[in-house]
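These values consider heavy atoms only, across backbone and side chains, with no hydrogens, waters or symmetry-generated copies. Note on naming: letters A, B, ... go to the chains in the order of the sequence lines (proteins, then strands), and numbering restarts at 1 for each one.
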Protein chains: 2
Amino acid sequence: MNVETALQRLKEKGYKRTKQRERIVEIFVQQDQYIAAKDILKAIQEDFPGVSYDTIYRNLYLLTEEEILETTELGGEKHFRLGCETHGHHHHFICTTCGKTKSIEFCPMNSINENLKGYDVENHKFEIYGKCPQCH
Amino acid sequence: MNVETALQRLKEKGYKRTKQRERIVEIFVQQDQYIAAKDILKAIQEDFPGVSYDTIYRNLYLLTEEEILETTELGGEKHFRLGCETHGHHHHFICTTCGKTKSIEFCPMNSINENLKGYDVENHKFEIYGKCPQCH
DNA sequence: AATTTAAATCGTAATCATTATTATTTTTTG
DNA sequence: CAAAAAATAATAATGATTACGATTTAAATT
């Protein structure tokens, strides 16, 4: 996913192209890892000193809604990263030190043979936490 | 796990038996589901009107540390439940409406054949979210 | 290009979960 | 009972997230 594709997808839905929104997407394209809202704010303030959390969160949630970003909760904070739809549905190993991830192609939902009759499955989460080779 | 066993385990580690702590464990034994800190507070205030969040969280974390409780993050809030060590390591289906859970005996870590050489696995999470038959 | 309008932003305040602090109280042990 | 350690109460502080009114901006329209 690149910046243009993402903004194009938003445009089709009637969302406007703003410099701030553009920059937010850019940051995610540059740093291919989970990032906390406060770090997005910090990064974007170099170009737009006045941005508010309102703008950050509104965009992060919009981008997640439009499936441009993925989200997970790390240490009590929501983190976001570019959704890597390039290789389909998958999960992540997440480094608890640097936040970098490694894709895990295996999805446990495919292997599950529990009886979930009567249960309406909406979502699932499979994440492995630990130290990546660099942080080990 | 019953109240006595839990408090006994704490005693062995040198932790004291207090009425508040006792009541907290009791609540978890009675309600076998994930509960948010604020709901524990609400429940315990019926007996101890003056309890503070400090007491709640200190005990929740202590009980988690001592592996009497398990924890997960739901909607931006930490939730706790009695650890069901009776049937070993397992995962959960969690109802997004009532919070009740169904145990999933399958653990994806047993089935994983990804190459995680060089990665130090500390933890993992596999949770399925949706509606239970009652809330469906 | 100017006008219009809906969307987005800014600046700031409010909310909510969680953590910290200090004085006081309680449990346990000798 | 007395002493020491642990736990609690009351309250304040922190930090993430959400909300809001006024203003600005992007994009569509004339």
For this session: Select base, sugar-phosphate, or nothing to describe what A:Thr18 touches, counting heavy atoms under 4.0 Å on all strands.
Result: sugar-phosphate
Exercise. When we call it a touch if two heavy atoms are under 4.0 Å apart, what does B:Asp54 touch: a base, just sugar-phosphate, or nothing?
Worked result: base
Exercise. Is A:Asn59 close to A:Val25 at the side-chain level, that is, under 4.5 Å between some pair of heavy atoms?
Worked result: no
Exercise. Do B:His124 and B:His89 have ring centroids that are under 6.0 Å from one another?
Worked result: yes
Exercise. What integer distance in Å separates A:Gln20:CD from C:dG11:P?
Worked result: 11 Å
Seminar exercise, completed: Assert: residue with more 5' nearest nucleotide on DNA chain D, out of A:Lys38 and A:Ser52, is A:Lys38
For this session: Using a strict cut-off of less than 4.0 Å between a Lys/Arg side-chain nitrogen and an Asp/Glu carboxylate oxygen, indicate whether A:Arg23 and A:Glu26 qualify as a salt bridge.
Result: yes
For this session: Select one nucleotide: of C:dC10, C:dA7, C:dT26, the one nearest the side-chain heavy atoms of B:Lys16.
Result: C:dT26
Exercise. Less than 4.0 Å between a side-chain N and a carboxylate O, is that true for A:Lys78 and B:Glu73?
Worked result: no
Exercise. So what does B:Phe48 touch, heavy atoms closer than 4.0 Å: a base, only the sugar-phosphate, or nothing?
Worked result: nothing
Exercise. Rounding to a whole Å, what distance do you find between B:Leu60:CG and C:dA17:C1'?
Worked result: 13 Å
Problem set entry | Sugar-phosphate, base or nothing in reach of A:Arg17, heavy atoms under 4.0 Å | sugar-phosphate
Exercise. Taking CG from B:Leu62 and P from C:dT19, how many angstroms apart are they, rounded to a whole number?
Worked result: 14 Å
Exercise. Rounding to a whole Å, what distance do you find between A:Glu66:CD and C:dA8:P?
Worked result: 11 Å
Exercise. NA contact type, A:Arg21, heavy-atom cut-off 4.0 Å: base, sugar-phosphate, or nothing?
Worked result: sugar-phosphate
Exercise. If you find the nucleotide of DNA chain D closest to A:Lys19 and the one closest to A:Lys78, which residue's nucleotide is nearer the 5' end?
Worked result: A:Lys78
Problem set entry | Range on DNA chain D touched by chain A, heavy atoms, distance below 4.0 Å | D:dA16 to D:dA27
Exercise. Taking the six-membered ring for Trp, are B:His92 and B:Tyr34 ring centroids under 6.0 Å apart?
Worked result: yes
Exercise. The side chain of A:Thr55 lies closest to which of these nucleotides: C:dT9, C:dA8, C:dA17?
Worked result: C:dT9
Seminar exercise, completed: When rounded to whole Å, the CG to C1' distance for the pair A:Leu41 and C:dG11 reads 13 Å
For this session: Return the 5'-most residue of the pair A:Gly14, B:His79 with respect to DNA chain C, ranking by each residue's nearest nucleotide.
Result: A:Gly14
For this session: Sequence neighbours left out, what passes side-chain hydrogen bond (donor to acceptor under 3.5 Å, both in side chains) with B:His79? Give chain and number order.
Result: none
Seminar exercise, completed: When rounded to whole Å, the CG to P distance for the pair B:Leu10 and C:dT28 reads 11 Å
Exercise. Would you call B:Arg9 and B:Glu67 a salt bridge, using N to O less than 4.0 angstrom?
Worked result: no
Exercise. What integer distance in Å separates B:Tyr57:OH from C:dT21:P?
Worked result: 17 Å
Exercise. Same cluster or not: are B:Met1 and B:Ile27 linked, directly or through other Ile, Leu, Val, Met, Phe, Trp or Tyr residues, by side-chain heavy atoms under 4.5 angstrom apart?
Worked result: yes
Problem set entry | Euclidean distance, atom NZ of residue B:Lys13 to atom C1' of C:dT28 [Å, nearest integer] | 18 Å
